[in-house]
Structure formats: C-alpha cells, structure tokens
Chemist: 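Mind having a look at this structure? Questions to follow.
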Amino acid sequence: MHEIGPLCAGNGAGSGAQKSISANGDRIIKGINMEQLKNRTYAIEDQFLSEFACRSAGVHERQRPEKPCEMRTDFQRDRDRIIYCNSFRRLKNKTQVFFSPEGDHYITRLTHTLDVAQIARSLARCLALNEDLAEAIALGHDLGHTPFGHSGERILNDLTGGNFKHNVQSRRVVEVLEKDGQGLNLTLEVRDGIENHKKDCHPKTLEAVCVSLADRIAYINHDIEDAVRAGVLHYEDIPREIIDVLGDGSGKRINTAISSIYRNSYGKNTVEMEPEVDKASEDLRQFMFKNVYLSSSARGEEEKAARMLTAMYEYYIQDLRHIPADFRKLADRYDEKTVVIDYISSMTDRYAIREFNRIFVPHGWLIMDEKHTG
C-alpha cells in the first residue's frame with residue numbers, strides 16, 4: 001500500500017536546494033522529491049480506484065527493458081510518447097468520413113481521437129478505473145488508419161487479400177514503424193488496448209473496453225454532424241424511436257451513453273450500456289452505415305480512391321526505390337507487400353493525392369520565347 005505524503009524532501013531553509021540527491025538516492029529538484037510525484041499517483045490509485053482497475057504501480061511489460069521515469073507512471077509515459085510521435089501528428093490530415101474536406105469544422109482523424117480520449121477518460125473516471133491508461137489507449141487507437149477513412153481501409157484490405165485491419169496496423173505503428181523502425185516501446189496494456197478497440201475484440205483491461213465504447217459513441221455522433229454539414233443527411237431523417245431513447249442532439253446522446261454505462265457497470269467487472277440504450281445505439285450505427293458510410297455518393301468517391309491507391313500500390317511494388325528510405329529498409333525484416341502497405345497506410349489524404357499526381361499526372365513545361373523573356 002502506498003501512502004499519500006508531502007512532496008517536499010525536507011523542512012526549513014536547508015531543504016530547498018536547486019538539485020541534489022537525498023540520502024536514499026532519490027533525485028530532488030527545488031526541494032521536491034521527484035519519485036514522490038509518482039508515488040503520490042500510486043497512493044491515490046490505491047485509495048480510490050476500483051478493484052477491477054488496472055493499477056499503474058508494478059511491472060508493466062514492454063518490448064524492451066528500460067529505466068522507469070522518475071516522475072511519470074508507465075501509462076503516463078506511454079501517453080506522452082504517443083502524443084509526440086509523427087503518426088499522431090499526421091492524424092490531423094486523415095479523413096474521418098468525407099475525403100479531404102475543405103471546411104474548417106469537419107471532423108478529422110485527430111479530432112475524432114481527441115473526442116474518444118475525452119469520453120474514455122469520463123468513463124474511466126466515473127467507474128473508478130485508470131484514466132491515464134484509458135487516455136493512452138484512446139490517443140493511439142487510430143494511428144494505423146489509412147488515408148480516405150474506412151474506405152481506404154477496405155481498399156487496402158482488398159489489396160492484401162483480407163489481411164489489413166486498421167486496429168492491427170495501429171499496434172504495428174507503435175511496435176515497429178515509429179522511431180525509425182524501433183517502435184515506441186509501450187506497455188503491453190496499452191498495445192493490447194490499441195489493437196483490441198474494435199467492437200468484436202476482447203481486450204485485457206476494462207480501460208480498453210472504455211475506449212472501445214468511447215470510439216463508437218464518438219464516431220456515431222460526430223459523423224452525424226459532418227453528414228448534416230455536407231448535406232448528405234438531415235436531422236429529421238434519424239428515426240424517432242432512436243431519438244426518444246438517446247436524445248435529439250450530440251451532447252445529449254453522449255451524456256445518455258455515458259450515464260447508461262455508469263448505471264450498468266459501476267462496481268462490476270464489466271463495462272457496458274443498459275440493454276435499451278445499447279440497442280438504440282446499435283440501431284443508430286446501422287442507420288449511419290446505410291445512409292452515410294455506404295451511401296451511393298460515398299461509394300462513388302470510394303471507387304476513385306480505390307483506383308488511386310491500387311495504382312500507387314502497383315507502382316511501388318514494382319520497385320521499392322520509389323518509397324522513402326525509412327520504409328524501404330523495413331524490407332530487410334518484412335516482405336515487400338507489407339512494406340508498401342505500411343507506407344500507403346501512413347499517408348494523409350492530401351499527401352496521397354499529391355503523390356498520385358506526382359507519379360501519374362503529366363506536368364506541363366514552361367517554354368520561354370527568347371524574344372519575350374522580359
């Protein structure tokens with residue numbers, strides 16, 4: 001059991017050194033024992049977290065052994081590594097539903113990820129689970145997503161004979177592709193949650209289940225807003241029986257879902273909605289697939305994306321010298337098809353379009369007449 005104690009290393013004027021080492025070897029900065037910051041988190045978790053929560057204290061398996069951070073818990077460290085990686089930055093230019101949208105308020109893969117992290121933390125907090133673990137999983141759950149949203153995922157899945165799933169690719173990003181082929185060396189709990197955030201998966205922690213539910217809560221609701229903004233859907237199109245259960249606005253629906261999960265899961269070794277809310281949420285999800293995700297207009301754009309990504313895949317697979325060196329060197333460890341898919345799936349929407357134009361669209365020549373160069 002960890003005890004909540006003062007952060008200061010000592011009392012009086014003599015304890016305020018800028019930087020020193022205490023008698024037991026702990027590093028002290030400006031009178032604060034750095035190790036105590038982490039121990040304080042452990043103590044708070046001991047006191048307030050559910051018996052079913054995943055504690056931050058203890059040994060958490062990483063791919064490679066490393067010295068623990070003095071201040072941060074393992075899950076806090078994982079969260080920070082995800083936020084600062086290149087794959088996370090690229091999410092700002094990856095599509096959620098509508099390809100390469102021009103408006104300022106359309107949801108991107110990054111804003112979706114932030115929505116999921118907020119909902120996941122809210123769920124973890126009200127259920128007395130580990131918020132830091134839930135946040136880390138949520139921030140990393142879509143790092144392996146393709147350009148052009150789920151359409152891009154379906155296209156790459158076809159190109160690989162059914163072997164591409166964005167959740168599996170997200171784990172590959174943090175284990176292999178980031179940091180020049182070394183991966184981020186995250187804890188097993190975070191990596192497992194990232195891979196198993198889809199509805200039909202079975203993660204090892206309840207915090208990961210919170211992320212899975214948060215993902216569905218987030219995308220169903222903000223995709224409605226995008227579809228209305230794009231003129232694909234009208235609010236009155238949503239069946240009345242769904243609105244009667246979930247609410248008539250995004251905020252109300254999210255609150256309904258979180259409240260339902262709290263009522264149905266607090267103090268239990270499970271995280272799930274009440275049956276009525278769960279059914280209404282699934283009905284809304286199916287409504288969105290029929291009327292937005294798989295609509296005729298969406299399929300038309302997907303066909304264009306399919307031709308683009310297929311042409312690029314065939315171009316790269318003929319000669320790996322056409323892809324960047326940091327991906328090309330992965331061919332020493334993985335087959336060429338896997339490496340090409342790694343590269344294409346890492347692209348943002350606009351990078352994929354720009355790359356396609358560079359490869360396949362002729363560029364005009366500007367020929368100046370010597371007599372008219374002024």
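Keep in mind that the numbers below use all heavy atoms, side chains included, and drop hydrogens, waters and symmetry copies. This one's a predicted model, so the numbers in the text were calculated from it and none came from an experiment. Heads up: numbering here begins at 1 and tracks the sequence.
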Chemist: So, for Ile194 and Gly140, which heavy atoms are closest and what is the spacing to 0.1 Å?
Modeler: CG2-O, 3.6 Å
Chemist: Walk me through whether Arg81 and Glu66 qualify under salt bridge (Lys or Arg N to Asp or Glu O under 4.0 Å).
Modeler: CA-CA 14 Å; Arg81 287 179 176 179; Glu66 63 178 39; 2.8 Å; yes
Chemist: Could you tell me whether the side chain of Phe88 reaches within less than 4.5 Å of the side chain of Thr113, counting heavy atoms only?
Modeler: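 Touching, per the 4.5 Å side-chain cut-off.
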Chemist: Counting only pairs under 3.5 Å, give me each side-chain donor-acceptor contact of residues 303-310, with atom names and distances, residues two or more places apart or in other chains.
Modeler:
from   : atom 1 : to     : atom 2 : distance (Å)
Lys304 : NZ     : Glu301 : OE2    : 3.1
Thr310 : OG1    : Ala306 : O      : 2.7

Chemist: Using side chain to side chain contact (heavy atoms under 4.5 Å, CB included), reason through Asn196 and Lys204 one step at a time and then give a plain yes or no.
Modeler: CA-CA 9 Å; Asn196 292 295; Lys204 297 179 182 297; over 6 Å; no
Chemist: Work out which heavy atom in Gly193 is nearest to a heavy atom in Ala208; give both atom names and the distance.
Modeler: CA-CB, 3.7 Å
Chemist: Is there side-chain contact between Ile323 and Val339, with heavy atoms separated by less than 4.5 Å?
Modeler: yes
Chemist: Under 4.5 Å between side-chain heavy atoms, hopping through other hydrophobics if needed: is there a path connecting Phe327 to Leu184?
Modeler: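 Looking at the clustering, Leu184 is in the same group as Phe327.
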Chemist: Of Lys165, Gln169, Arg171, which meets side-chain hydrogen bond (donor to acceptor under 3.5 Å, both in side chains) against Glu195?
Modeler: Arg171
Chemist: Can you confirm whether Leu330 sits close enough to Asp342 that some side-chain heavy atom of one is under 4.5 Å from a side-chain heavy atom of the other?
Modeler: yes
Chemist: Apply the salt bridge (Lys or Arg N to Asp or Glu O under 4.0 Å) test between Asp74 and each candidate in Arg62, Lys67, Arg191; give the one that qualifies.
Modeler: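 It is Arg62; the other options fail the test.
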Chemist: Less than 4.0 Å between a side-chain N and a carboxylate O, is that true for Asp278 and Arg216?
Modeler: no
Chemist: Nearest 0.5 angstrom please: Asp192 CG to Leu186 CG, how far?
Modeler: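 Answer for the CG-CG pair, Asp192 versus Leu186, is 12.0 Å.
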Chemist: What distance separates Asp46 CG from Arg55 CZ, expressed to the nearest 0.5 Å?
Modeler: 6.0 Å
Chemist: Just by distance, no angles: are the side chains of Asn130 and Ser56 close enough, under 3.5 Å, to form a donor-acceptor pair?
Modeler: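 Per modelled atom types, Asn130 and Ser56 side chains form a pair under 3.5 Å.
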Chemist: Please name the pair of heavy atoms, one in Lys252 and one in Gly247, separated by the smallest distance, quoted to 0.1 Å.
Modeler: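 Nearest pair, atom of Lys252 first, then Gly247: CB-CA, 4.3 Å.
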Chemist: Tell me, do Val271 and Leu129 make a side-chain contact under 4.5 Å, heavy atoms counted?
Modeler: yes
Chemist: Please name all residues satisfying side-chain contact (heavy atoms from CB on, under 4.5 Å) with Ala128, sequence neighbours left out, ordered by chain then number.
Modeler: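 If we apply the side-chain contact (heavy atoms from CB on, under 4.5 Å) test to Ala128, skipping adjacent residues, the hits are Ser50.
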Chemist: Just verifying a value: how many Å separate Asp215 CG and His197 NE2, rounded to the nearest 0.5 Å?
Modeler: 5.0 Å
Chemist: Is a side-chain donor-acceptor pair under 3.5 Å present for Thr187 with Asp78?
Modeler: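 Judged by distance alone, the side chains do pair up.
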Chemist: Can you sort out the partners of Asp237 under salt bridge (charged side-chain N to carboxylate O under 4.0 Å, His left out), two or more places apart, ordered by chain and number?
Modeler: none
Chemist: If I take atom CD1 from residue Ile261 and atom CG from residue Leu123, how far apart are they, to the nearest 0.5 angstrom?
Modeler: 4.5 Å
Chemist: Within the 3.5 Å criterion, strictly below it, is a donor on Glu45 or Thr41 matched to an acceptor on the partner's side chain?
Modeler: no
Chemist: Counting only heavy atoms not in Glu272, do more than 12 fall under 6.0 Å of its CD?
Modeler: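 Buried by this count: over 12 neighbours within 6.0 Å.
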Chemist: Could you check whether any side-chain N or O of Asp248 sits under 3.5 Å from a backbone N or O of Ile243, counting only pairs where one atom can act as donor and the other as acceptor?
Modeler: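 Side chain of Asp248 to backbone of Ile243, a donor-acceptor pair under 3.5 Å: no, none is there.
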Chemist: When you measure from the side chain of Ser260 to the backbone N and O of Thr256, does any donor-acceptor pair fall under 3.5 Å?
Modeler: no
Chemist: How close do Thr270 and Ser265 get, counting heavy atoms only, and between which atoms?
Modeler: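 Looking at all heavy atoms of both residues, the shortest contact is O-CB, 3.3 Å.
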Chemist: Of all heavy-atom pairs between Arg72 and Lys38, which one has the smallest distance, and what is that distance?
Modeler: O-CD, 3.1 Å
Chemist: Once ring pair (Phe, Tyr, Trp, His ring centres under 6.0 Å) is applied, what residue pairs with a partner in residues 272-305 remain, sequence neighbours excluded?
Modeler: Phe289-Tyr293
Chemist: Check whether any side-chain heavy atom of Ile344 lies under 4.5 Å from a side-chain heavy atom of Tyr313, and answer yes or no.
Modeler: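 Contact flag for Ile344/Tyr313 side chains = yes.
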Chemist: May I ask you to decide if Ser346's main-chain N or O and Arg90's side chain share a donor-acceptor pair within less than 3.5 Å?
Modeler: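 Yes, because the side chain of Arg90 sits within donor-acceptor range (under 3.5 Å) of the backbone of Ser346.
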Chemist: For Tyr266, what residues pass the ring-ring contact (aromatic ring centres under 6.0 Å, His included) criterion, not counting sequence neighbours?
Modeler: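 Tyr266: ring-ring contact (aromatic ring centres under 6.0 Å, His included) contacts with Tyr262.
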Chemist: Does Lys337 pair with Asp335 as a salt bridge, N-O distance under 4.0 Å?
Modeler: no
Chemist: Between Gln76 and Asp132, do the side chains contain an N or O donor and an N or O acceptor separated by less than 3.5 Å?
Modeler: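 Judged by distance alone, the side chains do pair up.
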Chemist: In terms of side-chain heavy atoms, does Arg154 have a donor or acceptor partner in Asn157 at a distance below 3.5 Å?
Modeler: no
Chemist: Do Arg172's NZ or CZ and the ring of Tyr334 fall within the cation-pi criteria of under 6.0 Å and 45°?
Modeler: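 Yes, Arg172 lies over the aromatic ring of Tyr334.
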Chemist: Please collect all ring pair (Phe, Tyr, Trp, His ring centres under 6.0 Å) contacts where either partner lies in residues 200-251, sequence neighbours excluded, each pair once.
Modeler: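 Of all non-adjacent pairs touching residues 200-251, those that pass ring pair (Phe, Tyr, Trp, His ring centres under 6.0 Å) are His112-His222.
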Chemist: Is a side-chain donor or acceptor of Asn255 paired with a backbone partner of Gly251 at a separation under 3.5 angstrom?
Modeler: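 No, Asn255 side chain to Gly251 backbone: no donor-acceptor pair under 3.5 Å.
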Chemist: Quick one: pull up CD1 in Ile107 and CD1 in Ile224 and give me the separation to the nearest 0.5 Å.
Modeler: 12.0 Å
Chemist: Closer than 3.5 angstrom, by distance alone: can the side chain of Glu189 be matched with the main-chain N or O of Cys54 as a donor-acceptor pair?
Modeler: no
Chemist: Salt bridge check, Glu153 against Arg109: does any charged N sit closer than 4.0 Å to a carboxylate O?
Modeler: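 The answer is no: the pair does not qualify as a salt bridge.
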Chemist: Can you tell me how far apart OG1 (Thr160) and CD1 (Ile341) are? Round to the nearest 0.5 Å.
Modeler: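 One gets 6.0 Å once the value is rounded to the nearest 0.5 Å.
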Chemist: When hydrophobic residues are tied together by side-chain contacts of less than 4.5 Å, even through go-betweens, does Leu114 share a cluster with Leu133?
Modeler: yes
Chemist: Are Leu188 and Phe52 grouped together when hydrophobic residues (ILVMFWY) are joined by side-chain heavy atoms under 4.5 angstrom apart?
Modeler: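 No: no chain of side-chain contacts under 4.5 Å links Leu188 to Phe52.
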Chemist: Does a side-chain N-to-carboxylate-O contact under 4.0 Å join Lys279 and Glu282?
Modeler: no
Chemist: Does Arg229 come within less than 4.0 Å of Asp226, counting only side-chain N to carboxylate O?
Modeler: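 Yes, this pair counts.
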Chemist: Can Glu355 and Tyr315 be counted as having a side-chain donor-acceptor contact under 3.5 angstrom?
Modeler: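 Checked: Glu355/Tyr315 side chains show no N/O donor-acceptor pair below 3.5 Å.
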Chemist: Would you call the rings of His166 and His150 parallel, tilted or perpendicular, where under 30° means parallel and over 60° means perpendicular?
Modeler: perpendicular
Chemist: In terms of hydrophobic clusters joined by side-chain contacts under 4.5 Å, are Ile254 and Val245 together?
Modeler: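 Linked within one cluster.
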Chemist: Do Leu177 and Ser87 touch side chain to side chain, with heavy atoms closer than 4.5 Å?
Modeler: no
Chemist: Output yes when a side-chain donor or acceptor of Asn185 lies under 3.5 Å from a complementary backbone atom of Gln63, and no otherwise.
Modeler: yes
Chemist: Under a 4.5 Å cut-off applied to non-hydrogen side-chain atoms, are Ile82 and Val190 in contact?
Modeler: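 Yes. Closest side-chain heavy atoms under 4.5 Å.
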Chemist: Indicate yes or no: at least one non-hydrogen side-chain atom of Arg253 is less than 4.5 angstrom from one of Leu284.
Modeler: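 In contact.
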Chemist: Do Val168 and Ile155 sit in one hydrophobic cluster, given that two such residues count as connected whenever their side-chain heavy atoms are within less than 4.5 Å of each other, even indirectly?
Modeler: no
Chemist: Taking atom CZ as the centre, does Arg321 end up with more than 12 heavy-atom neighbours from other residues, nucleotides or ligands that are less than 6.0 angstrom away?
Modeler: no
Chemist: Which heavy atom of Ser281 sits nearest to which heavy atom of Ile220, and what is that distance?
Modeler: O-CD1, 3.8 Å
